[in-house]
Amino acid sequence: REPFVRLFTFFGRPYVVYESSPGPLSIGTFIGGILIFFHIFHIIIRANRRLTLEKIRPLLISSTLIFIAIVNDMMISAGFYRFIYLLDIAFLIIILFLAFLLTNTVLDAAVNKDALDKANQELARHHRELENLVEERTRAYQQQAEYFESLVFNSPIAIIVLDNYQRVTNCNPAFEK
């Protein structure tokens, strides 16, 4: 088959496309593409029950764009109308769309990292404050224990300390006399 030249204008600019007439491979590709689209669309509908629209929207947009491009290319190949083949352009648009989504994801991750770093710094500050508070309370407890021990040890009155079973655990020098 001889390629033929197709002239068309797109946004006011003339374009020349060299193409051959569609054969069985082209028709098989178009039919396969439509079947795959309906299969993907079925998967999207089933996934919609488990996932939010926000999560499946990129797949829905991409598959719809591919479907439109396949139908367009099939109609052009069948001679229904004259236009440009869109499948290659659709793939480029999908790549740009996914790059945009990935960029947003990376930017969101950077924002989340900054927030996490700030939260970690705040947590570290609270940790230091708690460590200081524990240290202060421990020191106050030790001072209180030393003061109590000094009172018991230096008291002229006999003092004994009993546990819960009424056993002597400590006594002062006045008790020993």
Side-chain angles (χ1 to χ4, degrees), residues 28-74 85-177:
T29 303
F30 292 139
I31 292 171
I34 290 173
L35 292 175
I36 289 171
F37 168 77
F38 284 118
H39 179 69
I40 290 173
F41 195 73
H42 177 72
I43 290 171
I44 291 170
I45 289 172
R46 283 189 8 218
N48 191 27
R49 296 180 192 142
R50 294 185 318 270
L51 301 172
T52 63
L53 182 62
E54 185 69 31
K55 293 205 183 265
I56 62 172
R57 184 177 291 140
L59 182 59
L60 188 60
I61 291 171
S62 299
S63 58
T64 303
L65 187 61
I66 293 293
F67 177 73
I68 291 169
I70 287 174
V71 169
N72 174 71
D73 291 3
M74 188 171 64
Y85 289 99
L86 294 178
L87 196 55
D88 296 339
I89 296 170
F91 281 123
L92 290 174
I93 290 171
I94 289 171
I95 290 170
L96 291 173
F97 177 64
L98 294 177
F100 173 75
L101 290 176
L102 184 60
T103 301
N104 283 343
T105 303
V106 169
L107 291 175
D108 289 344
V111 167
N112 289 340
K113 182 187 178 302
D114 290 342
L116 182 62
D117 288 344
K118 185 177 179 182
N120 281 337
Q121 289 172 355
E122 189 72 16
L123 184 62
R125 185 180 64 79
H126 284 299
H127 182 268
R128 285 189 304 273
E129 287 175 1
L130 284 174
E131 288 291 329
N132 290 339
L133 187 60
V134 166
E135 192 176 302
E136 287 175 21
R137 298 264 169 95
T138 302
R139 226 178 332 197
Y141 172 76
Q142 287 173 342
Q143 288 173 350
Q144 209 54 24
E146 288 172 5
Y147 176 74
F148 176 73
E149 188 178 328
S150 175
L151 278 177
V152 170
F153 187 75
N154 294 322
S155 174
I157 301 171
I159 300 175
I160 61 167
V161 179
L162 304 174
D163 64 9
N164 291 341
Y165 300 105
Q166 302 302 315
R167 292 181 292 201
V168 176
T169 58
N170 204 353
C171 64
N172 67 350
F175 177 78
E176 293 174 358
K177 291 184 185 177

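The first residue of the sequence shown is numbered 1, and numbering continues consecutively from there. Since the model is a prediction, treat every value here as computed from it, not as a measurement.
Look at Lys113 and Asp117 and you find a salt bridge, because one of the NZ, NE, NH1 or NH2 atoms lies within 4.0 Å of a carboxylate O, short of that distance. A salt bridge between Arg125 and Glu122 is present, with a side-chain N of the basic residue lying under 4.0 Å from a carboxylate O of the acidic one.
No donor-acceptor pair under 3.5 Å is formed between the side chain of Asn170 and the backbone N or O of Val161. With Ser150 contributing its side chain and Glu146 its backbone, the two residues share no donor-acceptor pair below 3.5 Å. Without hydrogens or angle criteria, Asn172 side chain to Ile159 main chain gives a donor-acceptor distance under 3.5 Å.
Annotation: side chain of Leu65 is in contact with side chain of Ile94 (closest heavy-atom distance under 4.5 Å). For the pair Ile66 and Phe37, the minimum side-chain heavy-atom distance is 4.5 Å or more.
Distance check: Ile160 CD1 to Glu176 CD gives 12.0 Å after rounding to the nearest 0.5 Å. Distance check, rounded to the nearest 0.5 Å: CG of Leu96 to CZ of Phe91 gives 13.5 Å. Taking CG from Leu123 and CG from Asn120, the interatomic distance works out to 6.5 Å, rounded to the nearest 0.5 Å. Atom OG1 in Thr138 sits 9.5 Å away from atom CD in Glu131 (nearest 0.5 Å). Expressed to the nearest 0.5 Å, how far NE2 of His39 lies from CD1 of Ile36 amounts to 8.5 Å. Taking OH of Tyr147 as the reference point, atom CD of Gln143 lies at 12.5 Å (rounded to 0.5 Å).
Among all heavy-atom pairs drawn from Ser155 and Ala174, the shortest one is O-CB, 3.5 Å. Residue Ser62 comes nearest to Phe97 through the heavy atom pair OG-CD2, 4.1 Å, listed as atom of the first residue, atom of the second, then distance.
Other residues, nucleotides and ligands contribute over 12 non-hydrogen atoms within 6.0 Å of the NE2 atom of His126. Applying the 6.0 Å contact sphere to CD1 of Ile157 captures no more than 12 heavy atoms from other residues, nucleotides or ligands. Atom CD of Gln144 has 12 or fewer heavy atoms from other residues, nucleotides or ligands within 6.0 Å. Residue-environment remark: CZ (Phe153) stays at or below the threshold of 12 foreign heavy atoms within 6.0 Å.
If you run side chain to side chain contact (heavy atoms under 4.5 Å, CB included) between Leu86 and each of Ile93, Ile70, Asn72, Val71, only Asn72 comes through.
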- request: Before giving the answer on side-chain contact (heavy atoms from CB on, under 4.5 Å), spell out for Leu162 and Thr169 the whole-Å C-alpha distance, their side-chain angles and the decisive distance to 0.1 Å.
  value: CA-CA 5 Å; Leu162 304 174; Thr169 58; 6.0 Å; no
